> 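Pasting in a structure now, in structure tokens, and then I'll have a few things to ask.
A quick note: this is a predicted structure, and the numbers were derived from the prediction, not measured. For the single chain, residues carry numbers from 1 onward in sequence order. Just so it is clear, the values below take in all heavy atoms, side chains as well, and ignore hydrogens, waters and symmetry mates.
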Amino acid sequence: MRQGHGWKDTPTSHMSRIHLARPDGYASLTLDAGPLPWRWTLSGHYTDGGSWTAVLDEMMPVEFVTAAVTSLARPARHHARTTAFDTLDTAGWQRDDQPAGTRMATSPDGLVHLTQESADGNGPLWRADCTVGTFTWWRASFSEHTPATVIDAFATALTDPEPLLRWAIGTPLYNCDQYTRIDPTVLGPDVERALLDAQITRAQGARAHPSAVHRPDGPSGPVVLPATPPSPGAAPRLR
């Protein structure tokens, strides 16, 4: 966000805290990286005085954090309708809506749950968690008035079928043996760096020409990979 969208570092009194703010001051991102548990906190306010907070804990896959944060590169509409459940329905998630107004969707593998509760002014309106057996790997909470763009981007990231890129060291994770698939990839560090640079370039272009933006990280279109042979120690893709 600092390189691609011009967010600014804001000094804090804690050495273990990183705080970035959007140039217009509308939203900010804080990483508390002190004693565990770590957490990411997104927060913002509207011109009419409303505010919101989203908290994602330390085990949240970075792809999901990035999706939520990058969605804030665009101006948010206070009362926009979320399409999160439409996205989950299309991806084959199982719904379990309650008469009281609570809506819940569960991923096809049964590990991830996304819940929208009735707005009562108490606690978060949206909750998400990933639980394997009796162990919860990560949680996220989104307060009432969290921009629909943030919720939608998070839901889209949850349903993305593309495997997550991880090094094989330390996997499979605790209690995840039957859910972990390791596939070799031709993407070495140099190619991954090129992909990141291309994403930053798109984001910088979106800042310069906001009217051309069709998605949070810039104009859509394929990224052309350099003709680089696979590295001998290339990371596997895990799912």
> Please identify each residue that fulfils ring-ring contact (aromatic ring centres under 6.0 Å, His included) with Trp40, with sequence neighbours left out.
none

> Would the distance check show the side chain of Thr146 and the main-chain N or O of Trp52 forming a donor-acceptor pair, the cut-off being under 3.5 Å?
no

> Is there a path of hydrophobic side-chain contacts, each under 4.5 Å between heavy atoms of I/L/V/M/F/W/Y residues, joining Met59 to Phe135?
yes

> Only counting residues at least two apart or in another chain, list the ones meeting side chain to side chain donor-acceptor pair (under 3.5 Å) with Ser43.
Ser28

> Looking at Arg103, I want to see if its CZ is surrounded by more than 12 non-hydrogen atoms of other residues, nucleotides or ligands under 6.0 Å.
yes

> Of all heavy-atom pairs between Val132 and Cys176, which one has the smallest distance, and what is that distance?
CG2-SG, 3.8 Å

> Hey, could you give me the OG1/CG distance between Thr115 and Asp97, rounded to the nearest 0.5 Å?
10.0 Å

> Side-chain contact, heavy-atom cut-off 4.5 Å: Arg81 with Asp86?
yes

> Without swapping roles, check the side chain of Thr159 against the backbone of Thr156 for a donor-acceptor pair under 3.5 Å.
yes

> May I ask you to decide if Trp138's main-chain N or O and Asp57's side chain share a donor-acceptor pair within less than 3.5 Å?
no

> Would you find a donor on one side and an acceptor on the other, under 3.5 Å apart, between the side chain of Asp152 and the backbone of Thr83?
yes

> Nearest 0.5 Å, what's the CG-CZ distance between Leu88 and Arg95?
7.5 Å

> Shortest non-hydrogen contact from Glu117 to Thr102?
CA-OG1, 4.3 Å

> Calculate, to the nearest 0.5 Å, the distance between atoms CG and CZ belonging to Leu56 and Phe64 respectively.
10.5 Å

> Between Phe85 and Gln116, which heavy-atom pair has the shortest distance, and what is it?
CE1-OE1, 3.6 Å

> Assess whether side chain to side chain contact (heavy atoms under 4.5 Å, CB included) is satisfied between Asp160 and Glu63, documenting all intermediate values.
CA-CA 10 Å; Asp160 188 348; Glu63 292 84 356; over 6 Å; no

> Would you name the heavy atoms of Arg39 and Val55 that are closest together and state the gap between them?
CD-CG1, 3.8 Å

> Under the side-chain contact (heavy atoms from CB on, under 4.5 Å) test, which residues partner Gln94, sequence neighbours left out?
none

> Restricting to non-hydrogen atoms, name the atom on Asp129 and the atom on Arg139 that form the minimum distance, rounded to 0.1 Å.
CB-CG, 4.1 Å

> Please round to the nearest 0.5 Å and tell me the distance separating atom CG of Asp109 and atom SG of Cys130.
7.5 Å

> Evaluate the side chain to side chain contact (heavy atoms under 4.5 Å, CB included) criterion for residues Leu111 and Trp137: first the C-alpha distance (whole Å), next the side-chain angles of each, then the deciding distance (0.1 Å), finally the verdict.
CA-CA 10 Å; Leu111 303 183; Trp137 273 107; over 6 Å; no

> If you take all heavy atoms of Ala91 and Pro108, which pair is closest and at what distance?
O-CG, 4.0 Å

> Go through Phe154 and Phe142 one step at a time and tell me if the side chain to side chain contact (heavy atoms under 4.5 Å, CB included) criterion holds.
CA-CA 11 Å; Phe154 183 75; Phe142 305 85; 3.9 Å; yes

> To the nearest 0.5 Å, what is the distance between CH2 on Trp93 and CG on Leu158?
4.5 Å

